[in-house]
Amino acid sequence: MTKYLVAAALIVATATPVLAADYYVALRYGGGCVVMTTPPPHSRMMGVYPTKRMANKAMHGMMHCQ
């Protein structure tokens, strides 16, 4: 029984950081935007979104990204 609890705890511990990932929409210097998983160091950040789908949807609606 304890080995199942340990296995479940390990699965939860490794899956939690993946579920908490943020997606950043950054404005590129040459024009257009890109979705990143890390904050953009030297480019303009256009927004932070909890899912990649939301980031892509927001990116396509931004005037600067087209």
Side-chain angles (χ1 to χ4, degrees):
M1 180 70 177
T2 57
K3 68 179 178 179
Y4 294 117
L5 291 174
V6 170
L10 287 174
I11 290 171
V12 169
T14 57
T16 302
V18 173
L19 296 175
D22 287 329
Y23 293 92
Y24 303 90
V25 176
L27 183 65
R28 290 187 283 183
Y29 288 113
C33 292
V34 64
V35 176
M36 304 173 73
T37 56
T38 59
H42 300 291
S43 58
R44 183 175 170 199
M45 185 167 57
M46 302 298 286
V48 180
Y49 301 93
T51 64
K52 190 172 185 176
R53 179 179 288 181
M54 290 176 68
N56 281 326
K57 186 176 180 180
M59 183 176 65
H60 290 297
M62 293 179 186
M63 186 176 67
H64 295 288
C65 294
Q66 298 182 10

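Throughout, numbering of the chain's residues begins at 1 and tracks the sequence.
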Point to revise | Within residues 37-66 or reaching into it, pairs that qualify as disulfide bond (SG atoms under 2.5 Å apart) - sequence neighbours excluded | key: C33-C65

Practice item. Could you state whether M62 and M54 fall into the same hydrophobic cluster, counting links through intermediate Ile, Leu, Val, Met, Phe, Trp or Tyr residues with side-chain heavy atoms under 4.5 angstrom apart? Key: yes

Exercise for review: Could I get the full list of side chain to side chain contact (heavy atoms under 4.5 Å, CB included) partners for R28, not counting sequence neighbours?
Suggested key: V34

Point to revise | Partner residues of P40 under the side chain to side chain contact (heavy atoms under 4.5 Å, CB included) criterion, sequence neighbours left out | key: Y24, A26, M36, S43, M45

Check your understanding: Minimum heavy-atom separation for K52 to V35, with atom names?
Key -> CG-CG1, 4.5 Å

Revision key, fill the gap. Here the pair of heavy atoms bringing T37 nearest to Y23 is CG2-CE2, 3.7 Å

Study note, to complete from the structure: Distance col, row T38:OG1 vs D22:CG, nearest 0.5 angstrom, shows 11.5 Å

